Amino acid sequence: MDISGNTIIVVGGSSGMGFGVAQAALAKGAKVVIVGRSPERLAQATEDLAGGERVKSISADVTREDEVRHLFEVAGSFDHLFVSAASHLAYQPIRDFDLEAARKTIDAKLIAALLLSKYASRQINGHGSITFTAGIAAERPMATAALVAAVNGGLFSFTYALAIGLAPVRVNTISPGWIDTPIWETSALAANKSARFEQMAQRLPAGRIGRPSDIGHAAIFLMENEFTTATVLPVDGGHRLV
Ligand SMILES: NC(=O)c1ccc[n+]([C@@H]2O[C@H](COP(=O)([O-])OP(=O)(O)OC[C@H]3O[C@@H](n4cnc5c(N)ncnc54)[C@H](OP(=O)(O)O)[C@@H]3O)[C@@H](O)[C@H]2O)c1
């Protein structure tokens, strides 16, 4: 399958991996609808993508059912959904865990995936696909990442079940390793970012930290490959093994 001319909804398309996926889809001749909460970030990303009429944006908080319903009403029919949106991920020692922070993390990665699947399934084209974004914490968690590991691992299982439930629509998940995106500036992981990136790059078989374009490339593969469904695709430079 060739996604040229297809409509791709990219939830999280105003930053990081989602922006990389939007860029890759435009380069393939697709139309993109980028989604995020901040209208300002969406406007900036639309300008940066420079795709003219092929780029639209819709502001929505995808942890809220009314906003997800409205998003798909405005978007109309489409071919592929890519989801990388997440914020408020709680990295905390389990002894001190804050319940409110935990609920926000579950909302951001699992409830959002559930809501997006519910409303997307009503109008996605039958040849289309849905791709979620999990993360290396599912398989190589840090000491403070118990909940982030759980929601990412939960997305693996959600993907397998949804691929059965929504067939023939294909459902996959990308599980990224460390990718240099703005999420690193806003999370508890920001401290010593450069030094940590350098150390990780030396450990990784790939010899470098990931880029949003690495995720864009993988996402296009999952949209175009008609025989790939119920798959969790690590794009992590070999992080799982080191
Ligand atoms: N970067 C890494 O090293 C890494 C590693 C493993 C896994 N991951 C996972 O990869 C995913 C993408 O991360 P990223 O690094 O690309 O992050 P990012 O650069 O911070 O981008 C996040 C995007 O999601 C949007 N967003 C956040 N919450 C939203 C909500 N409730 N509703 C709608 N849009 C929302 C943001 O826009 P607004 O803020 O305007 O809403 C932004 O466009 C996340 O799921 C993260 O857990 C990242």
Side-chain angles (χ1 to χ4, degrees), residues 9-24 32-46 48-49 57-68 70-72 81-91 103-116 131-142 145 147-156 158 173-190 193 196-197 200-201 204 208-216 218-219 232-237 239-240:
I9 299 181
V10 183
V11 180
S14 61
S15 179
M17 298 183 203
F19 186 83
V21 171
Q23 277 183 315
V32 299
V33 180
I34 57 171
V35 179
R37 292 165 302 180
S38 159
E40 293 77 25
R41 287 183 96 182
L42 287 169
Q44 185 62 55
T46 302
D48 294 345
L49 285 167
S57 72
I58 300 174
S59 170
D61 179 345
V62 297
T63 64
R64 295 178 52 99
E65 183 157 17
D66 53 342
E67 297 197 21
V68 174
H70 181 252
L71 156 63
F72 286 102
L81 171 66
F82 177 86
V83 184
S84 58
S87 57
H88 301 298
L89 298 184
Y91 290 87
R103 289 203 164 111
K104 282 187 177 163
T105 301
I106 294 166
D107 277 358
K109 299 242 13 173
L110 289 179
I111 298 298
L114 183 78
L115 292 173
L116 287 162
T131 304
F132 298 109
T133 306
I136 184 68
E139 294 168 281
R140 293 296 307 271
M142 294 177 290
L147 181 64
V148 178
V151 291
N152 282 328
L155 270 179
F156 291 11
F158 187 65
T173 279
I174 289 176
S175 189
W178 287 17
I179 311 290
D180 191 0
T181 73
I183 210 170
W184 284 85
E185 316 299 337
T186 56
S187 75
L189 304 173
K193 179 189 136 180
R196 295 179 71 205
F197 271 15
M200 179 57 78
L204 291 177
R208 66 167 172 83
I209 294 298
R211 304 176 185 125
S213 58
D214 296 318
I215 302 301
V232 174
L233 177 61
V235 183
D236 63 7
H239 192 151
R240 289 170 340 286

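As a basis for the values below, the full set of heavy atoms in this structure was taken, side chains included, without hydrogen atoms, waters or symmetry mates. Order of listing sets the numbers, starting from 1, for every ligand and every atom in it. Since this is a predicted model, take the numbers as computed values, not measurements.
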For ligand 1, is any non-hydrogen atom under 4.0 Å from Pro212's backbone (N, CA, C, O), its side chain (CB onward), both, or neither? neither

What about Ile179: any of its N or O atoms under 3.5 Å from an N or O on ligand 1? yes

Is the backbone N or O of Gly210 less than 3.5 Å from a side-chain atom of Asp214, with the two atoms forming a donor-acceptor pair by type? no

4.0 Å heavy-atom contact, Phe19 with ligand 1: no

Any N or O on Thr63 sitting closer than 3.5 Å to an N or O of ligand 1? no

Protein heavy atom at shortest distance from atom 26 (N) of ligand 1: Ala85 CB, 3.6 Å

Record the part of Ala45 in heavy-atom contact with ligand 1 below 4.0 Å; permitted values are side chain, backbone, both and neither. neither

Find all atoms of ligand 1 within a distance of less than 4.0 Å from any non-hydrogen atom belonging to Ala60, and give their numbers and elements. 32 (N), 33 (C)

Tell me, which protein residue and heavy-atom name are nearest atom 32 (N) of ligand 1, and how many Å apart are they? Val62 N, 3.0 Å

What is the closest protein heavy atom to atom 11 (C) of ligand 1, and at what distance does it sit? Ser84 O, 3.1 Å

Phe197: ring pair (Phe, Tyr, Trp, His ring centres under 6.0 Å) partners, not counting sequence neighbours: Trp184

What residue and atom, counting heavy atoms only, is the protein's closest point to atom 13 (O) of ligand 1, and at what distance? Ile183 CD1, 3.8 Å

What are the atoms of ligand 1, with element, lying closer than 4.0 Å to any heavy atom of Ser38? 40 (O)

Quick one: does Gly36 get an N or O within less than 3.5 Å of an N or O on ligand 1? no

If you measure from CG on Asp48 to CD on Gln23, what distance do you get to the nearest 0.5 Å? 8.5 Å

Can a non-hydrogen atom of Lys109 be found less than 4.0 Å from any atom of ligand 1? yes

Within ligand 1, which atoms have a heavy atom of Gly135 less than 4.0 Å away? 6 (C), 7 (C)

Verify, without hydrogens or angle tests, whether Ser175 (side chain) and Thr133 (backbone) share a donor-acceptor contact under 3.5 angstrom. no

Would you call Arg208-Asp180 a salt bridge at under 4.0 Å N-O? no

Nearest heavy atom to atom 41 (O) of ligand 1, choosing from Glu185, Arg37, His239, Met200, belongs to Arg37

Whether Arg103 and Asp107 form a salt bridge (side-chain N of Lys/Arg under 4.0 Å from carboxylate O of Asp/Glu) is what I want to check. no

How far apart are the closest heavy atoms of Asn152 and Ala137, and which atoms are they? ND2-CB, 3.9 Å

Per-atom filter on ligand 1: closer than 4.0 angstrom to a heavy atom of Ser14 are 37 (O), 42 (C), 43 (O)

Answer yes or no: is there a side-chain heavy-atom contact under 4.5 Å between Leu71 and Val35? yes

How far is atom 36 (C) of ligand 1 from its nearest protein heavy atom, and which residue and atom name does that atom have? Arg41 NH1, 3.8 Å

Give me the ring orientation class for Phe132 and Phe158: parallel if the planes are under 30° apart, tilted from 30 to 60°, perpendicular past 60°. tilted

protein heavy-atom neighbour closest to atom 14 (P) of ligand 1 works out as Thr181 OG1, 3.5 Å

Within the 4.0 Å heavy-atom cut-off, what Leu89 brings close to ligand 1 is side chain

Heavy atom of Gly177, distance to ligand 1 below 4.0 Å: yes

For Arg240 versus Pro234, what's the shortest heavy-atom pair and its separation? NH1-CB, 3.4 Å

If we ignore hydrogens and angles and just use 3.5 Å, is the side chain of Thr131 paired with the main-chain N or O of Thr173 as donor and acceptor? no

Which atoms of ligand 1 have any heavy atom of Ala86 under 4.0 Å away? 24 (O), 27 (C), 28 (N), 44 (C), 45 (O)

Geometric N/O contact Gly12 with ligand 1, under 3.5 angstrom: yes

Is Met17 touching ligand 1 with its side chain, its backbone, both, or neither, if touching means heavy atoms under 4.0 Å apart? both

Check each atom of ligand 1 against the heavy atoms of Ala134 and keep those under 4.0 Å away; list them by number with element. 7 (C), 8 (N), 9 (C)

Donor-acceptor pair, distance only, cut-off 3.5 Å: does the side chain of Ser213 make one with the backbone of Gly216? no

How far is atom 18 (P) of ligand 1 from the closest protein heavy atom, and which atom is that? Ser15 OG, 3.5 Å

Got a donor-acceptor contact below 3.5 angstrom from the Lys193 side chain to the Glu185 backbone? no

Of all the non-hydrogen atoms in the protein, which one sits nearest to atom 6 (C) of ligand 1, and at what distance? Pro176 O, 3.5 Å

Which atoms of ligand 1 have any heavy atom of Asp61 under 4.0 Å away? 30 (C), 31 (N), 32 (N)

Per-atom contacts, ligand 1 versus Trp178 - under 4.0 Å to a heavy atom: 3 (O)

Under 3.5 Å, side chain of Thr63 to main-chain N/O of Ala112, donor-acceptor pair present? no

Heavy-atom count around Arg64 CZ within 6.0 Å, excluding the residue itself: above 12? no

I'd like to know if Arg37 and Glu67 make a salt bridge, using a cut-off of under 4.0 Å between side-chain N and carboxylate O. no

